[in-house]
Every structure is written in C-alpha cells, then in structure tokens.
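Quantities reported herein were computed from a predicted structural model and do not represent experimental measurements. We number each residue from 1, following the sequence as shown. Just the heavy atoms: all of them, side chains too, but no hydrogens, waters or symmetry mates, feed the values below.
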Amino acid sequence: MGVYYLSGTSHRMTNAPRTLAILFADIGGSTAMYEQVGDVEAHRRVATSLSLMQAAIVANHGVLLRTVGDSSLASFDNCDHAFLAARQMQVQHINEPLSVRIGFHIGPVIPDKGDVYGNAVNIAARIAAFARTGEITTTRESVACLCESFRTRATRLDSIRVKGVTESIEVYRLAWQEYNNPATVIAGNTARTNALQLVARLELWVGKRQVVLDASGQSVSIGRADENDLPVISEHASRHHAIIEINRGQCLLTDNSTNGTYIRRDPQNPLFVRRDSIVLDGTGQLGLGVLPETSGDEYVSFTIVMD
C-alpha cells in the first residue's frame, strides 16, 4: 500500500489544521484473484468489497474520501468511530471471498484545495500496510483516544520508523472478534504494560516434559503431532496447534488451530485466541482447544521471567 493524499469536503475542510482519524482499508490478494477467477468476476468481488467498506464508513459517522484501486480512504472525527467502522468491515467480510486489512491513525491533517496531507496521513498508510488480512492495526496515540472498553482490545505488536517522523511509531492490533464464552476477555492493559518489558526466559512444561527458551528468535511448536517440540495429548488440539516465540523482548503465542487456545492466569478470567497472536506474560496455563484442567486433556504450563 502506498501513501495517498486524501481529498474530500464533508468535514468542511479549510486551510486550518484539523485532528482527524484517518483510516485505510485495503483488499488482500486481489491481484492474484484476477488470474484465478477472471476479470469480470474479480471486478464484481472488488466492487462488492468496496461497497461494504463504504457502508461501514457511512454507518459509523465517517466520510469516504476516495477509493484508489482496491483501497478505501476515510476520515472520522474520533477513533471510536474509526474502530467501529473497521470492525464492521471485518465482520461483513467474514463470508465474502475477499479479506481486508485495515489501519488507522489520529493526528493533525492540513486541507489544501480539497486534498489532505501531512505526517498523520503517511503514518496511517504505514500502519495499514503493517496489518495482515483480517486484522485492524492502529497506533499508540489512537489507542489512547479510544474508550476504555475498546482500549482493552489492543495488543502491542512492534515499533516502526516512518519517514518524516523522528520517534518510532508503536503499532497495536485491535481485536474485533466477539466470542460466545462469557468468561472470555481480550488481552487488556496489564498484558500491554508487561509486554513492554524484556523477556529473559520462557519455561514451558507438559507433565514432566519441559522446554526452555532463553534467547530472542527462538521458538517452540506445540500441538497433537509427535513432531512438535512439545507434543500434547488432547483430542481438542490441532496437529500443529500453535507457535510460541521470543521476539524483540516479547513472548508471542500465535494460534494456528481449529479450536483456538485458552490462556489462564489466575486470578484473571481466561483469555482466548484463535488464528491470531497474543503477547504472554507472567505464569499460567494454556488449554489447546479447551479450558485447562476441565477435560482431562494435557495442557501446557508456562512461566515467563522478565529482565
């Protein structure tokens, strides 16, 4: 995704700077799709996807500024509306053949003859490009502007450099899925705060089997298959259920399973992640496809030692 300069007049743009949330939504894999299904069907799918994006933007008090190819650019007066629009886009694409990646950032923009430009626009474009399909990404500044219930959906991913910006930009993922289990919560402020510390060592064990990671870049695979670094006997687990790695001072669990992974850290309610990543901290248990200690299946215990 490139850097776009936005245009539009619905926010009564003048030459005075305004603080707006700028959102980019980009269709993933559309180029290959044209070869797979042909121009006519591919064009229809892209048009449908762009229409869904526009509907979500308008329904959440945003302004569609421009569509560029298979991307939509929009602005919102606040980050809550930007997140609600992004979440609606992702929900609407669950049963669609195309997926989208979405990112937004809040900051000052300068209107000039119908266009909007400035570092906030460049940052929003970079943040959106950082997302994978099916994800919503944003910045620390945007997370701070969200309401409390939306802020608890944020997980820090990385820091990136953006041309024209002196300091690194912190990138966060915003969880948009709703889970049926009433005990399930999204990783919140405690996990985000601890994630900023550096992991010195990760200890994992199943029964008497133990694996220890103590260096950045190391990873361990867990799952039902014997070839995993830490195999688990569980009928609810996938063969290659998840990867846990130490990367840039964080301990990251990436779930690749059918039934998802439960993370329990007493006395907190269990967290749940499926086909997504989450930062681990402290001490707890991982249930592969089922809550730990509820089915008789083996589960993974973990301890993370911080510097």
For residues T139 and Y172, report the shortest heavy-atom separation together with the two atoms involved. C-CD1, 4.1 Å

Identify the heavy atoms of I127 and G103 that sit nearest to each other, and give their distance. CG2-CA, 4.3 Å

Sequence-distant partners of S51, side-chain contact (heavy atoms from CB on, under 4.5 Å), two or more places apart: none

Under 3.5 Å, is there a donor-acceptor pair between the side chain of [X] and the main chain of [Y]?
X    : Y    : result
W176 : G134 : yes
Q218 : D214 : yes
S75  : A21  : no
T48  : R44  : yes
N259 : H236 : yes
T261 : D255 : no

Does the side chain of [Y] come within less than 4.5 Å of [X]'s, by heavy atoms?
X    : Y    : answer
L146 : D80  : yes
I222 : N228 : no
H93  : Q88  : no
I160 : R126 : yes
L98  : V100 : no

Which salt bridge (charged side-chain N to carboxylate O under 4.0 Å, His left out) pairs, counting each pair once, include a residue from residues 45-65, with sequence neighbours left out? E41-R45

Pairs flagged by salt bridge (charged side-chain N to carboxylate O under 4.0 Å, His left out) wherever residues 287-303 is involved - sequence neighbours left out: R209-E298, R264-E293

So ring-ring contact (aromatic ring centres under 6.0 Å, His included) across residues 125-168, not counting sequence neighbours, yields F83-F150

Does D77 pair with R18 as a salt bridge, N-O distance under 4.0 Å? yes

Check R101 with E135, please: is the shortest side-chain N to carboxylate O separation under 4.0 Å? no

Using the test salt bridge (Lys or Arg N to Asp or Glu O under 4.0 Å), find all partners of R224 that sit at least two apart in sequence or belong to another chain. none

Before giving the answer on side-chain contact (heavy atoms from CB on, under 4.5 Å), spell out for V46 and H43 the whole-Å C-alpha distance, their side-chain angles and the decisive distance to 0.1 Å. CA-CA 5 Å; V46 170; H43 177 75; 5.7 Å; no

If you count heavy atoms of other groups shown closer than 6.0 angstrom to CD of E227, is the number above 12? yes

To the nearest 0.5 Å, what is the distance between CD1 on I233 and CG on D226? 8.5 Å

Stepwise side-chain contact (heavy atoms from CB on, under 4.5 Å) test for M89 and I57: CA-CA 8 Å; M89 291 180 195; I57 292 164; 3.5 Å; yes

Just to verify, what does H81 make a ring-ring contact (aromatic ring centres under 6.0 Å, His included) with, not counting sequence neighbours? H61

